[in-house]
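Treat the numbers as computed from the prediction; the structure is a model and nothing was measured.
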Amino acid sequence: MPVNFVPEDQREHYGRYSTDPDQGQLDRFFHLSSTDRELIARRRGPHNRLGFAVQIGTVRFLGVFLPDPSDVPDVVAAYVASQLGISDWRAIENYPRDGTNRLHAAEIRAAFGYRDFTNEDSQAVFLGWLRARVQIGAERPSVLFDVATAWLLEAKILLPRPSTLMRTISQAREESNARVWDELAALPNRVQRSRLEGLVVVDTGARSSPLDRLRRAPTRVSAVGLLGALTRLEEIRALGVGGLDVSKIPPSRIAALARHGVAAKAQTIERMTTKRRIATLLAAAQQLEIVATDDALDLLDQVLNALLSRAAKAGKKDRIQSQPAMDSAASALSKAVQILLDPPEGDVTVLWAAIIGQVSRNELEAAIATVARIDIEPVDAHLNDLMSRYSSVRRFLPTLLRTMDLRAAPGGQSALEAFTALNRLEGRHTIRVDDVPMDLATAAWRQRIEGENGVLDRRSYTFLVLEKLREGLRRRDVFAPGSERWGDPRAKLLHGAAWEAARPAIAAGYGHHLDAREQINALASELDDAYHAVESRINDNPAVRIDFVDGHAKPVLTPLDRLEEPDSLIALREAVNALIPHVDLPEQILEVADWTGCMAKFTHISEGSTRAKDLDLSICAVLLAEACNIGLEPVVQPGNPALTRARLSWADQNYIRSETITAANARLVEVQSKIPITTAWGGGDVASADGIRFVVPVRTLNAGPNPRYFGAGRGITYLNFLSDQFAGFHGIVVPGTLRDSLYILDGLLEQQTSLQPTELMTDTAGYSDQVFGLFRLNGYQFSPRLADIGATRFWRINREADYGSLNELARHRINTDLIATHWDDLLRIAGSLATGTVKASELLRVLQGGGRPTPLGRALAEYGRIAKTTYLLAYLNDESYRRRILTQLNRTEGRHALARNVFHGHRGQLRQRYREGQEDQLGALGLVVNAIVLWNTQYINAAIEQLRSEGFPINDEDLKRLSPLAGVSEFSGETRRFTV
């Protein structure tokens, strides 16, 4: 790999004072201990003492002795001088440069144990650390350069020249790569190697390689599409490398190889050295098997959902169509029953005569037949339509049974046994009911399944098993081992020695008690205080009243009044707007890229050091095209080498991906948080989450229906996370409109920026008791905006507590025994989420149990009700709190409006077929929106500073209501500002 992989600006800061040290750095590196002072006191003259002391601090801070020791920031000289009692820090200018400084440096080295990089022992220790670091991680060279610099400082090894350090890192990476390639290439046998090599061979007459075909995910939701997905999985498994043990190779190295193998062109892989090619293809094949399994199960879920939905609609339609006949039959029977209830005097002959006088015998018999035909159990209402679609199921069923390797938790064991039994039925013609497990069958299903003489109706049994299998898969009671999306979340929880070791730290870190009863008592006291706080001022709170509806207390909350804009705010906004320049969006992106250096975060998919000339311009152009949804053509400029179609396509394929977008976005968020004006908007500890919907008009698995948002088509939801400083710090693509509550905690735990939000605000759709519980367990405050607080239950722990006028409101009691029983498991959930071994969305699916929560899920809900009630009481009691939530959610809506304006091409529809493409394009949209926000924030801040210098009156409350959100004209691309 090239040696010169560190950007020029990063090299310029190496071993130098690039900025003034902050107070924390001064205290850490330049504070003089008693040992320091003893050495310093031996120097004669204040200039010598000050120069010697500054050299001590400099080598600690920078890891080098400067050629000119006096070339330090004034703040450093002043800080050190104040400790030595030297009144004029400028005395350092008289520090001799005639060799005295070098003698002093040698003395400091000897006194404090600093060693040269070229020292044999230093080399051995550093190379040992570096090789271990490179072996277990997949860090980019530039990141490794910074990490190595920090390590050398800590180890008291003087920094070498940057070229020397880069060369050493390059050699270590090359050696590590060679070892990994050697180990992986040695795993397959001759036959397996031949199969892997064949993946990149393009057969005569073919247009693509087998690898290109296998990494192409299915897009068609149909029985034929599912068959294709299963066949693809079979073909990948036929390579025979899925079971090879790669556990000795660090997962990050395997992941890096797999990422390159899945994304790179077949020709690129074919040109690699033999060992590297085999290693790359092996990692890619194992990853593709996981991906293909997930794709097949995604498609199975959608195909079965479509079948069952159509059948349910058909059954409902049949019921509606039969309603007139049912009404007629009911009328006839009603007439007869009325006579039976008040019969005439006489015998049966008289009674029949009375009935026949109202309705004939033939009419009664027809009515009875109609009711018998129509009045069937609900499960039967859709089965006739299902049976008619059996031929479609048979197209994929044999391959599904043969290919899909499934396991089950206790709750899914019956479904798995039935699924396995289906496989045994293949090739048999006559099967008896006794030959298969019937635990899943209800009475109505049994009527369908059990034929004459105990013969099994295969069609009915097949649909029963598939329906129950789908339910089990969705709850993850049935799962696929090794799958990412359909695996078993329970297996990912901390357990055994790892949990016992982490348990005390997890409890202490989140402020929980290890003892369940101590925790419950603390929560009871907190809840009790919250009730009393609300009750004490409820009579003085005109926004809240308690009404009684049907004998039950219901809180009624007066909506917030609109905040009027004072004249001072209007004047300030106009003055700021007048100072901000109007520029096109491309100029904004390029300017922000120049300020932040965020383009350095875009590294090549295979070699982090590869940087073509003017690459930043190419990447900015691709990001603009993706964010505006206009394709590459509008940004192509054939006369500019950085903007040719070939160059942009190359940059898109090799640099634009989720991990690089995330890293670049983290840089923008960091810069945004350091602009002074942002402190008026918030401290970065509050965030909001809300989804923006996109119609997806192309065939894809990663989309879902919702007529409200997508009409007759399908679409996705892009769940955005926004800080109170207007920075978007994370985004999650969700197929269709699955409940936001499944994913909102994922966003906080997964985000990789410098922000550390502790409170998340959402709309009502993100609300559930279990979500409240997970947030509280992991030390977060969940604050949803409530559309109807009157329909919400308030809970209590202490049955005897007197809450005055709130007693009737607090009529529901928490089951603390259930919490106590499962407290250790609840702590284990918190620890597993904190350490990233499992996702909150995966756990919630299991705990919710498809509408039948598990015992642990019920315990989590009980725990969440405590947190929810505490929050509800604060929500009632504090108008400023409610307004703060509303303000933050309005900011999210403003960001969505901006994103809609930017994403204007193709009528704002997302035309990506695959999950990865959707994530990359919407990630680029989020990055560009953040760049616009950062650009506006910077110029708003500059405008405020200028206005202050001119004596313009500025109110702190007005600053809070300025907004950096901006829009982009759909037609001209010219930026325009607006406020929310």
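- Using modelled atom types and a 3.5 Å distance limit, the side chains of Thr937 and Gln672 yield a donor-acceptor pair.
- Residues Leu494 and Val838 are not in side-chain contact: their nearest non-hydrogen atoms beyond the backbone lie 4.5 Å or more apart.
- Taking the charged nitrogens against the carboxylate oxygens, Arg90 and Glu93 have no contact shorter than 4.0 Å, which rules out a salt bridge.
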Do Gln751 and Thr753 pass the side-chain hydrogen bond (donor to acceptor under 3.5 Å, both in side chains) test, and can you show the C-alpha distance, the side-chain angles, and the key distance before you say yes or no?
-> CA-CA 6 Å; Gln751 66 97 11; Thr753 72; 2.6 Å; yes
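- A heavy-atom distance below 4.5 Å is not found between the side chains of Ile40 and Asn48.
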Asp245/Ser247 under side-chain hydrogen bond (donor to acceptor under 3.5 Å, both in side chains): CA gap, chis, key distance, verdict = CA-CA 6 Å; Asp245 184 9; Ser247 60; 2.6 Å; yes
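- With a 6.0 Å radius and a threshold of 12 heavy atoms from other residues, nucleotides or ligands, Arg645 has its CZ atom above the threshold.
- Inter-residue side-chain proximity for Asp746 and Phe721 is flagged as unmet; no heavy-atom pair is nearer than 4.5 Å.
- Between Asp212 and Arg215, at least one side-chain N (NZ, or NE/NH1/NH2) sits under 4.0 Å from a carboxylate O, which counts as a salt bridge.
- Contact record, Leu648 with Ala642: CD2-O, 3.7 Å, taken as the closest heavy-atom pair.
- Remark: Glu197 engages Arg277 in a salt bridge, criterion side-chain N to carboxylate O under 4.0 Å.
- Here the closest heavy-atom approach between residue His47 and residue Asn94 is recorded as CD2-O, 3.4 Å.
- A distance-only check finds a donor-acceptor pair linking the side chain of Thr58 to the backbone of Val54 [under 3.5 Å].
- Within 6.0 Å of the CZ atom in Arg37, the count of heavy atoms belonging to other residues, nucleotides or ligands exceeds 12.
- Salt bridge status for Arg657 with Glu916: absent, with no side-chain N to carboxylate O gap under 4.0 Å.
- Across Gly728 and Asn930, no two heavy atoms sit closer than the pair O-ND2, 2.7 Å.
- Around the CD atom of Glu120, the shell of radius 6.0 Å holds no more than 12 heavy atoms that belong to other residues, nucleotides or ligands.
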CA sep, side-chain torsions, deciding dist, call: Asn177, Arg253, side-chain hydrogen bond (donor to acceptor under 3.5 Å, both in side chains) = CA-CA 9 Å; Asn177 287 338; Arg253 304 303 303 276; 2.4 Å; yes
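- Considering every non-hydrogen atom in both Ala931 and Val592, the closest pair reads O-CG2, 3.4 Å.
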Check residues 264-275 and write down every donor-acceptor pair under 3.5 Å in which the side-chain atom is one partner and the other belongs to a residue at least two apart or another chain.
from	atom 1	to	atom 2	distance (Å)
Lys275	NZ	Asp182	OD1	3.2

ring-ring contact (aromatic ring centres under 6.0 Å, His included) assessment of Trp89 paired with Tyr79 | CA-CA 8 Å; Trp89 57 265; Tyr79 182 83; over 10 Å; no
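- Considering all non-hydrogen atoms of both residues, Arg60 and Asp36 come closest at NH2-OD1, 2.9 Å.
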Would you sort out whether Ile589 and Trp935 count as a side chain to side chain contact (heavy atoms under 4.5 Å, CB included), showing the intermediate values?
-> CA-CA 8 Å; Ile589 296 175; Trp935 189 93; over 6 Å; no
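- Heavy-atom contacts from other residues, nucleotides or ligands closer than 6.0 Å to CD of Glu107 number more than 12.
- Between Phe52 and His104, the ring planes are perpendicular. Angles over 60° get that label, and only those under 30° would be called parallel.
- Contact check for Leu152 versus Pro160: side-chain heavy atoms found under the 4.5 Å cut-off.
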Kindly indicate, with the supporting measurements, whether the criterion side-chain hydrogen bond (donor to acceptor under 3.5 Å, both in side chains) is fulfilled by Arg667 and Thr596.
-> CA-CA 7 Å; Arg667 176 59 181 156; Thr596 63; 5.2 Å; no
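- Taking the charged nitrogens against the carboxylate oxygens, Asp71 and Arg16 have no contact shorter than 4.0 Å, which rules out a salt bridge.
- In this model, a donor atom of one side chain and an acceptor atom of the other lie less than 3.5 Å apart for Asp68 and Ser70.
- Relative ring orientation between His604 and Tyr655 is described as perpendicular, the plane-to-plane angle rising above 60° on a 0-90° scale split at 30° and 60°.
- Between Leu643 and Ala621, the shortest heavy-atom distance links the atoms CD2-CB, 3.6 Å.
- No side-chain heavy atom of Arg115 sits less than 4.5 Å from a side-chain heavy atom of Leu158.
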Val241 and Leu196: CA distance, side-chain angles, deciding distance, side chain to side chain contact (heavy atoms under 4.5 Å, CB included) verdict = CA-CA 9 Å; Val241 298; Leu196 289 173; 4.2 Å; yes
From CA spacing to verdict: side chain to side chain contact (heavy atoms under 4.5 Å, CB included), Phe117, Leu159 | CA-CA 6 Å; Phe117 184 81; Leu159 298 186; over 6 Å; no
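- Residues Lys492 and Lys839 form no side-chain contact, since every pair of their non-hydrogen atoms from C-beta on lies 4.5 Å or further apart.
- Remark: Glu183 does not engage Arg179 in a salt bridge, criterion side-chain N to carboxylate O under 4.0 Å.
- The main-chain N or O of Trp595 is never found under 3.5 Å from a side-chain atom of Gln938 such that the two would form a donor-acceptor pair.
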Might you work through the side chain to side chain contact (heavy atoms under 4.5 Å, CB included) test for Phe729 and Thr662, ending with a clear yes or no?
-> CA-CA 9 Å; Phe729 60 87; Thr662 299; over 6 Å; no
